[in-house]
Protein chains: 2
Amino acid sequence: MANHLTKSEMSRRRVLDAAAKIFRDYGYVGTTMRAVADEADLQAGSLYYYFKSKDDLTSAVLDLGMRSVAERVESALAALPGTATGRERIHVAVHAHLSASLEVGDYSVATRRIMGQVPEAIRAKNQQQREAYGAIWRSILEQARLRGEFRTSANLNFALLYIFGALNWVAEWFRPGGRSIEEIASEFASFILDGLTGNESALTAVPLELASPVQAGWLSNRGHKQKAKPRAG
Amino acid sequence: MANHLTKSEMSRRRVLDAAAKIFRDYGYVGTTMRAVADEADLQAGSLYYYFKSKDDLTSAVLDLGMRSVAERVESALAALPGTATGRERIHVAVHAHLSASLEVGDYSVATRRIMGQVPEAIRAKNQQQREAYGAIWRSILEQARLRGEFRTSANLNFALLYIFGALNWVAEWFRPGGRSIEEIASEFASFILDGLTGNESALTAVPLELASPVQAGWLSNRGHKQKAKPRAG
DNA sequence: GTCTATAGGGAGATAGAC
DNA sequence: GTCTATCTCCCTATAGAC
């Protein structure tokens with residue numbers, strides 16, 4: 001049982017994937033066990049074999065989404081040589097965050113949308129993980145400042161909130177088939193480090209194509225087809 | 001009836017404010033007409049005097065939140081002299097956006113959370129307003145680029161998505177009593193324009209207080225006390 | 001592991017009194 | 001304008017068969 005999942009583990013994961021999708025489209029309260037079961041090709045009662053309640057399922061979805069991103073970023077940073085600059089670390093962290101976040105896109109979007117709507121007990125538990133992940137970023141920023149790579153007037157507390165706002169919004173508008181994650185990561189790292197005015201000495205070169213419009217609705221949540229209007233009463 | 005609202009108009013607004021709060025905390029499906037009525041000191045049936053359905057109410061909440069921000073930004077930009085630089089316009093737009101967005105904070109947060117969960121018809125309608133508002137920002141960015149204030153490698157489509165992600169997240173973590181909206185706006189405009197590395201010649205000077213932690217949970221939605229756990233089944 | 005059946009309760013919307 | 005009463009439908013969770 002080293003690497004392949006048991007049937008039970010696979011089914012459990014199938015339920016989680018289904019739940020992430022339904023939470024994303026219908027919110028916390030709007031998600032029904034029936035809809036999750038349907039998406040996972042099960043009957044509603046069967047979910048209770050894997051999760052003892054709707055809240056237990058909710059907590060597991062939030063946990064998996066958060067951990068996927070945090071672990072990817074941690075290992076990407078750990079793989080860097082000790083000589084890496086602040087710029088390099090930030091670029092790598094941005095890429096790892098976006099890459100993992102988009103890979104588990106249903107979880108990322110669901111989390112962003114329902115975090116403020118789940119019962120307090122669930123939120124508090126997940127909040128600890130979020131703070132721990134934030135601490136990683138805080139330390140990258142502080143290291144870069146200590147190395148003298150930042151202007152001294154930059155407030156790192158705000159920078160953290162600013163960066164997370166921009167990065168976590170990506171899972172809402174990204175659609176496969178457009179610009180690659182690498183391009184987006186380079187562009188965003190460049191925005192974070194140099195802003196819009198900064199000099200041209202960007203990170204890795206980013207092709208100059210100002211004219212090409214971004215794929216789907218530039219600001220939107222469009223594209224999440226809902227099977228039906230959320231059930232009326 | 002030039003300036004003061006009729007009783008009916010006031011009640012309607014009371015219902016909208018109540019709905020924004022409930023949508024924010026419970027999501028689209030989780031919001032019940034009973035809960036909105038309770039928050040507005042009415043009975044559930046009475047809401048149907050003002051709004052012909054839950055979806056009609058939903059649409060009105062999204063509309064008001066969006067318009068509040070767009071109108072404030074438009075008029076702030078219109079008030080600028082023709083000689084204003086790209087930097088100045090962006091700073092003013094950031095401040096106006098944040099200021100309006102926080103003033104109708106319940107609407108802003110509710111919109112951000114439920115936009116992806118409302119029925120398609122409602123989303124499509126609101127989407128047009130969002131695109132129109134986005135066009136304003138796009139034109140500021142393009143003007144600044146034409147004036148030569150930006151590095152030519154910056155992709156403005158991504159810049160727009162990046163900026164909106166960061167700005168619209170603020171309503172989630174901002175708590176009155178901490179740093180002022182003006183400080184946040186200056187800091188954010190500086191991030192957008194100069195990034196973290198840019199030279200010290202910021203906009204208006206921002207006091208250097210790297211040590212002071214931002215008030216509540218740095219990444220969180222904490223602080224929206226829920227009266228009770230969303231009703232269990 | 002997955003199913004069916006069902007308990008006990010809450011939803012949106014309408015009708016008609018005041 | 002606002003209320004109460006009510007119709008019809010769907011929810012979470014459990015019990016027990018297979």
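To find a chain, count down the sequence lines: A is the first, B the second, and so on, and within it residues start at 1.
Each of A/S53 and B/S11 has a nearest nucleotide on DNA chain D; the 5'-most of these lies closest to B/S11.
Look at CE on B/M33: it is 12 Å from C1' on C/dT14, rounded to the nearest Å. Rounded to an integer number of Å, the gap from B/F51 CZ to D/dG1 C1' is 14 Å. The distance from atom OH of B/Y26 to atom P of C/dA11 is 11 Å, rounded to the nearest whole Å. Rounded to an integer number of Å, the gap from A/L47 CG to D/dT14 P is 13 Å. Straight-line distance from the CE atom of A/M10 to the P atom of C/dG1: 11 Å, rounded to whole Å. In this structure, A/L42 atom CG and C/dT4 atom P are separated by 11 Å, rounded to whole Å. Per the geometry, NZ belonging to A/K54 stands 8 Å off P belonging to D/dA13, to the nearest Å. Here D/dC11 presents its P atom at 12 Å from CD1 of A/I22, a figure rounded to the nearest Å.
Partner A/F164 forms a ring-ring contact (aromatic ring centres under 6.0 Å, His included) with one of A/W169, A/F188, A/Y133 and no other, that one being A/Y133. The salt bridge (Lys or Arg N to Asp or Glu O under 4.0 Å) with B/D17 is formed by just one residue from the set B/R14, B/K21, B/R13; it is B/R13.
Side-chain proximity of A/K7 to D/dC11, D/dG1, C/dG1: nearest is C/dG1. Checking D/dC11, C/dA11, C/dG1 against the side-chain heavy atoms of B/T32 singles out C/dA11 as nearest. Closest contact between the side chain of B/S46 and the listed nucleotides C/dT2, D/dC3, C/dA13 involves D/dC3. For B/Y48, whose side chain is taken as the heavy atoms from C-beta onward, the closest listed nucleotide among C/dA13, C/dT2, D/dC3 is C/dA13.
Taking 4.0 Å as the cut-off between side-chain N and carboxylate O, A/E9 and A/R12 do not count as a salt-bridged pair.
Regarding contacts with the backbone of C/dT4, a side-chain N or O of A/Q43 is found under 4.0 angstrom from either OP1 or OP2. Distances shorter than 4.0 Å separate some side-chain N or O of A/Y49 from OP1 or OP2 on C/dG1.
With contacts defined as side-chain heavy-atom distances shorter than 4.5 Å, the pair B/S108/B/T111 does not qualify. Side-chain contact check for B/H97 versus B/R72: every heavy-atom pair is 4.5 Å or farther apart.
A donor-acceptor contact under 3.5 Å is not formed by the side chain of B/R34 with the base of C/dG10.
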